[in-house]
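In this text, all values refer to a predicted model and were calculated from it rather than measured experimentally. Any value given below was found using the heavy atoms of this structure, including those in side chains, with hydrogens, waters and symmetry copies removed.
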Amino acid sequence: MNWSKNYPPTEGKSYYNHCTCETPLGEAKIEWKGWKNNPDYGVEIDGIYIDSTYNLEEAKLIVRDYLSMKYQEIRNFLEDERIN
């Protein structure tokens, strides 16, 4: 996955520190309050909240795992449709 660099709060993009990655389901964004000593990292895809964690690398894994789960759901759906 091709994650952006870590950006500070950016008007029109995020009120918090953040990084992004384009995915087939839309933009994945991880946001955190950079002024905190131990921030939580909130994960969203295409504006929909997914989960949060206290580690940036784990947040990136949450995105990957979510995409893998959605891929499998779509694959299963299409296979079921083909059988019916």
Side-chain angles (χ1 to χ4, degrees):
M1 297 183 71
N2 189 21
W3 286 95
S4 72
K5 67 179 185 172
N6 295 343
Y7 290 102
T10 306
E11 188 173 336
K13 186 71 171 173
S14 177
Y15 293 110
Y16 306 106
N17 292 60
H18 62 282
C19 62
T20 61
C21 178
E22 288 301 322
T23 78
L25 298 181
E27 181 183 69
K29 182 168 37 175
I30 300 171
E31 297 179 307
W32 64 96
K33 296 174 181 168
W35 63 88
K36 287 188 164 187
N37 289 333
N38 190 26
D40 62 320
Y41 296 84
V43 177
E44 64 179 51
I45 297 179
D46 201 30
I48 299 169
Y49 174 80
I50 304 300
D51 202 353
S52 64
T53 185
Y54 286 96
N55 179 288
L56 180 57
E57 294 307 312
E58 285 180 18
K60 291 176 181 179
L61 292 175
I62 288 170
V63 171
R64 189 198 66 200
D65 292 347
Y66 181 83
L67 291 172
S68 293
M69 178 192 67
K70 288 299 178 185
Y71 169 78
Q72 191 61 50
E73 287 177 3
I74 292 168
R75 186 176 175 182
N76 291 343
F77 172 80
L78 292 173
E79 286 177 357
D80 288 346
E81 287 298 308
R82 190 178 58 183
I83 293 171
N84 294 328

**Q** Of all heavy-atom pairs between Asp46 and Leu25, which one has the smallest distance, and what is that distance?
**A**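 Minimum heavy-atom separation between Asp46 and Leu25: CB-O, 3.3 Å.
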**Q** Tabulate below the donor-acceptor pairs under 3.5 Å that side-chain atoms of residues 29-42 make, not counting sequence neighbours, or state none.
**A**
residue	atom	partner	partner atom	Å
Lys29	NZ	Lys13	O	2.9
Glu31	OE2	Ser14	OG	2.5

**Q** I'd like to know if Ile45 and Met69 are part of one continuous hydrophobic network [Ile/Leu/Val/Met/Phe/Trp/Tyr, side-chain heavy atoms within less than 4.5 Å].
**A**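 Yes; Ile45 is reachable from Met69 via cluster members.
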**Q** Give, for atom CD of Glu57 and atom CD1 of Ile62, the distance between the pair rounded to the nearest 0.5 Å.
**A**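 Separation between the atoms: 11.5 Å.
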**Q** Strictly by side chain to side chain donor-acceptor pair (under 3.5 Å), give each pair with a member in residues 58-69 just once, sequence neighbours left out.
**A**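 Side chain to side chain donor-acceptor pair (under 3.5 Å) check on residues 58-69 returns Thr53-Glu58.
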**Q** What salt bridge (Lys or Arg N to Asp or Glu O under 4.0 Å) pairs are there with at least one residue in residues 14-24, not counting sequence neighbours?
**A**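 Pairs touching residues 14-24 that pass the test: none.
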**Q** Partners of Asn76 by side-chain contact (heavy atoms from CB on, under 4.5 Å), sequence neighbours excluded?
**A**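 Listed in chain order: Gln72, Glu79.
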**Q** Quick check: is Leu56 connected to Ile50 through a chain of hydrophobic side chains (ILVMFWY, heavy atoms under 4.5 Å apart)?
**A**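 In one cluster with Ile50: Leu56, yes.
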**Q** Only counting residues at least two apart or in another chain, list the ones meeting side chain to side chain donor-acceptor pair (under 3.5 Å) with Ser52.
**A**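 Ser52 satisfies side chain to side chain donor-acceptor pair (under 3.5 Å) with Tyr49 once adjacent residues are dropped.
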**Q** When you group the ILVMFWY residues by side-chain heavy-atom contacts below 4.5 Å and let the links chain together, are Trp3 and Leu67 in the same group?
**A**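 Yes, it is one cluster - the side chains of Leu67 and Trp3 are joined through contacts under 4.5 Å.
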**Q** Show me the donor-acceptor pairs, under 3.5 Å and distance only, between side chains in residues 4-11 and residues at least two apart or in other chains.
**A**
residue	atom	partner	partner atom	Å
Ser4	OG	Thr20	N	2.9
Thr10	OG1	Pro8	O	2.8

**Q** For Val63 and Met1: C-alpha separation, side-chain torsions, deciding distance, then whether side-chain contact (heavy atoms from CB on, under 4.5 Å) applies.
**A** CA-CA 10 Å; Val63 171; Met1 297 183 71; 3.5 Å; yes
